[in-house]
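Quick notes on the structure that follows.
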Amino acid sequence: MIRYLDSAESVSPDQLRDFFEGWPNPPSAETHLDILKQSYAVVLAKDDETGMIVGFLNAISDGILTAYLPLLEVVPDYRKQGIGSELVRRMLDQLKDFYMIDLMCLPELQPFYARFGMPAAHGMAVRNFDCQNGRPG
Ligand SMILES: CC(C)(COP(=O)(O)OP(=O)(O)OC[C@H]1O[C@@H](n2cnc3c(N)ncnc32)[C@H](O)[C@@H]1OP(=O)(O)O)[C@@H](O)C(=O)NCCC(=O)NCCS
């Protein structure tokens with residue numbers, strides 16, 4: 001059974017495996033956990049049978065007006081079962097009192113987010129790939 005958590009406080013790095021698919025220089029599990037703990041809000045999907053975290057979505061925020069959703073991922077074996085959608089629904093509910101909730105995504109994922117009533121928007125971005133693992137230098 002999949003259980004949804006709104007905190008990473010009870011999570012350990014060995015519960016975070018198989019994330020950052022395709023990233024050439026991914027954060028370690030320890031860094032991943034730091035990211036979750038330092039986020040403004042998280043939703044985690046946990047498989048109660050294995051104890052593993054199988055999906056996550058985090059938000060960063062000024063705590064007043066604006067929230068940004070930088071990372072959403074469900075590990076490959078658990079995709080297409082509605083877990084990603086549930087993570088988004090729960091996060092939007094947590095953030096329902098914010099004026100701006102933004103994210104960046106590839107065009108092919110716009111229909112996925114449109115299901116939650118999110119219109120498409122334009123964006124600009126900087127990516128420092130040397131820093132992709134969260135531990136520059
Ligand atoms: C996007 C992601 C989180 C969806 O998780 P999920 O648990 O499979 O989501 P759900 O089961 O709730 O919904 C699946 C839907 O996702 C959409 N989707 C997922 N990946 C997609 C892709 N690369 N292109 C187009 N649609 C995609 C499809 O609309 C699919 O709908 P379908 O079941 O009718 O085919 C998951 O595919 C993932 O982790 N992908 C890699 C990381 C990523 O792209 N994250 C988003 C960053 S903006």
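Start at 1 with the first residue, then count along the sequence. Predicted model, so just to flag it, every value in this text is computed and none were measured. In listed order, ligands and their atoms are each counted from 1.
- The protein atom (non-hydrogen) at minimum distance from atom 7 (O) of ligand 1 is G84 N, 2.8 Å.
- Considering only non-hydrogen protein atoms, atom 45 (N) of ligand 1 sits nearest to L72 O, 2.8 Å.
- Atoms of ligand 1 found under 4.0 Å from any heavy atom of C105 (numbered from 1 in listed order, with element): 48 (S).
- Applying the 4.0 Å criterion to heavy atoms of Q81 picks out, from ligand 1, the atoms 11 (O).
- The protein non-hydrogen atom at the shortest distance from atom 39 (O) of ligand 1 is V74 N, 2.8 Å.
- The main-chain N or O of T66 is found under 3.5 Å from a side-chain atom of S61 such that the two form a donor-acceptor pair.
- Residue, atom and distance of the protein heavy atom nearest to atom 12 (O) of ligand 1 are S85 OG, 2.5 Å.
- When only interatomic distances are considered, the shortest N/O to N/O separation between K80 and ligand 1 falls below 3.5 Å.
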Under 3.5 Å, sequence neighbours excluded: what are the donor-acceptor pairs made by side chains of residues 90-108?
residue	atom	partner	partner atom	Å
R90	NE	E86	OE2	2.8
Q94	NE2	V42	O	3.3

Taking it one step at a time, do R135 and D130 satisfy salt bridge (charged side-chain N to carboxylate O under 4.0 Å, His left out)? CA-CA 9 Å; R135 292 286 180 265; D130 290 352; over 6 Å; no
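- Between M104 and ligand 1, no pair of N/O atoms sits closer than 3.5 Å.
- No donor-acceptor distance shorter than 3.5 angstrom exists from the side chain of N128 to the backbone of C131, with no hydrogens or angles considered.
- Ligand 1 has no nitrogen or oxygen under 3.5 angstrom from a nitrogen or oxygen of E86.
- For N58 (side chain) and L71 (main-chain N/O), a donor-acceptor pair under 3.5 Å exists by modelled atom type.
- I60 and L72 sit in two unconnected hydrophobic clusters of ILVMFWY residues. Membership requires side-chain heavy atoms under 4.5 Å apart, directly or through other members.
- Close approach to G82 involves these atoms of ligand 1, each under 4.0 Å from a residue heavy atom: 10 (P), 11 (O), 12 (O).
- Assignment of R115 to the shell around ligand 1 is supported, since a heavy atom sits closer than 4.0 Å.
- Annotation: atom 23 (N) of ligand 1 to nearest protein heavy atom, E108 CG, 4.4 Å.
- The main-chain N or O of A41 is never found under 3.5 Å from a side-chain atom of S39 such that the two would form a donor-acceptor pair.
- Judged by distance alone, the side chain of E73 and the main-chain N or O of G55 form no donor-acceptor pair under 3.5 Å.
- Each of L44, L69, V74, L36 was scored for a side-chain contact (heavy atoms from CB on, under 4.5 Å) with L57, with one residue passing: L69.
- Between the Q110 side chain and the A120 main chain, no donor and acceptor come within less than 3.5 Å of each other.
- The main-chain N or O of G51 is found under 3.5 Å from a side-chain atom of Q15 such that the two form a donor-acceptor pair.
- Between F112 and ligand 1, no pair of N/O atoms sits closer than 3.5 Å.
- Here the protein heavy atom with the shortest distance to atom 37 (O) of ligand 1 is R79 CD, 3.5 Å.
- Assignment of P111 to the shell around ligand 1 is not supported, since no heavy atom sits closer than 4.0 Å.
- Hydrophobic cluster membership differs between Y68 and M118, with clusters built from Ile, Leu, Val, Met, Phe, Trp and Tyr side chains linked at under 4.5 angstrom.
- Below 3.5 Å of separation, one finds no N or O of E73 facing any N or O of ligand 1.
- For atom 42 (C) of ligand 1, the protein comes within 4.0 Å by at least one heavy atom.
- At the shortest separation from atom 48 (S) of ligand 1 among protein heavy atoms lies Y113 OH, 3.3 Å.
- On a distance-only criterion, L109 and ligand 1 share no N/O pair closer than 3.5 Å.
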